[in-house]
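Counting starts at 1 for both ligands and their atoms, following the listed order.
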Amino acid sequence: MKVQAAVAVGKEQPFIIKELELDEPRAGEARVRMVASGVCHTDAVVHDEWYPVPMPAVLGHEGAGIVEAVGPGVTSVVPGDKVVLSMSTCGACEYCLSGHPSFCVNMWPLNFGARRMDGSTAFTDENGQPVGSHFFGQSSFAHYSNVAERSIVKVPDSTPLEILGPLGCGIQTGAGTFLNVLKPWPGSSIVVFGTGAVGLAGMLAAIASGATTVIAVDIVDSRLEFAKTLGATHTINSKNEDAVARIKEITHGGAHFALDSTGNKVVFVQMLNSLRPLGHGAMVGAAAMGSEAAVDVGALLMTGIKLSIVLEGDAVPQTFIPRLISLHEKGLFPFDKLITKYRFEDINKAFADSASGVTIKPVLVY
Ligand code: NAD
């Protein structure tokens with residue numbers, strides 16, 4: 001069938017909306033009609049060729065939509081089901097089987113390969129040339145896509161699909177890092193470095209867990225102001241003041257938990273230094289390959305701190321995303337406040353507004 005898709009053609013070049021041919025869903029795939037898709041910073045870094053994803057390709061990995069048709073062997077969804085789309089994993093390796101699918105042995109080819117595992121693509125252009133598909137198992141920047149069953153999370157009929165796509169990656173990452181890995185307790189102190197969608201989702205989850213000293217660090221004042229409206233008790237613009245010294249002052253010696261969502265090697269060290277003894281920090285930001293941070297290993301020994309490197313909130317999307325929806329329904333996790341909606345046709349504006357900091361979580365509506 002013919003579908004409209006936004007095609008990434010290379011670094012610093014705008015997405016081009018064009019008609020592509022979509023093939024039939026194969027075994028283990030469902031054809032999904034997209035209702036909306038979040039735009040994640042990871043789409044931007046892939047578009048900017050930080051990672052070697054073959055172009056041209058249809059990116060997008062926070063899709064939400066309705067199942068139109070299923071290929072052979074698909075058992076978890078039927079046509080008409082509302083779904084949110086997340087990462088794709090093999091489901092069979094030791095990491096998938098032990099509940100840590102984001103470290104799946106096939107994480108790279110299944111999510112960044114922009115191909116099926118047999119090398120085929122679901123999309124072809126007007127000349128019959130392949131266009132990358134299956135980005136994160138879904139390539140959601142298209143009105144219709146053939147999606148890997150492992151990427152699919154069925155959600156209740158009553159849920160508002162237009163806001164749910166970001167649960168598939170950015171929101172899951174921030175929230176999961178706190179709910180699944182750091183696990184702040186009531187009364188604890190937390191810091192988020194970077195108040196984009198990932199950092200703020202983490203902050204909201206920490207507040208839902210009962211953290212009472214909630215510090216947001218960024219270099220953009222408007223984002224810090226917004227963080228206050230979401231429940232940050234303290235904000236620090238690290239361009240203007242020494243973030244580590246200020247955090248130690250606020251927390252009387254360092255925070256219990258910290259999240260670095262900036263992908264900045266200097267901030268990574270600040271995050272480690274802002275923890276109190278036995279504190280626990282997590283790094284989730286995507287840094288350019290080759291970024292090396294200067295850490296005082298000698299001084300670290302005295303701290304007993306823990307460091308976790310977290311992908312996708314260390315979540316099993318099929319169980320975690322329904323938990324987030326339930327928290328949202330109860331008013332305990334208002335992630336929708338991070339969202340600004342754009343028409344699908346305005347995809348390049350959505351990316352520009354995300355890069356400039358104007359918009360925290362753009363969502364394209366189809
Ligand atoms: P974003 O760009 O909206 O947010 C990043 C924030 O960091 C911005 O507010 C920016 O102003 C701030 N920042 C940048 N440099 C800073 C500095 N030196 N000091 C303090 N703050 C600084 O991006 P996002 O959508 O929130 O994503 C955050 C990161 O997480 C990205 O790198 C993204 O690729 C990555 N990511 C990782 C995973 C994962 O599984 N680990 C999943 C999704 C996204």
Query raised in the report: Are D221 and N237 close enough that a side-chain donor and a side-chain acceptor fall under 3.5 Å?
Result: yes
Report summary line: Across all chains, not counting sequence neighbours, the side chain to side chain contact (heavy atoms under 4.5 Å, CB included) partners of S274 are F193, I247, A258
Query raised in the report: Can you name the residues that come within less than 4.0 Å of ligand 1, going by heavy atoms only?
Result: C40, H41, T42, C169, T173, G194, T195, G196, A197, V198, D218, I219, V220, R223, S238, S261, T262, N264, V267, V284, G285, A286, V310, L311, E312
**Report entry** Residue from K2, R116, R31 passing salt bridge (Lys or Arg N to Asp or Glu O under 4.0 Å) with D23
**Finding:** R116
Query raised in the report: Do the side chains of I309 and Y95 join up, straight or via other hydrophobic residues, at under 4.5 Å, putting them in one cluster?
Result: no
Query raised in the report: Is it true that F141 and F344 have ring centroids separated by less than 6.0 Å?
Result: no
Query raised in the report: Below 6.0 angstrom between ring centroids: does that apply to F351 and F15?
Result: yes
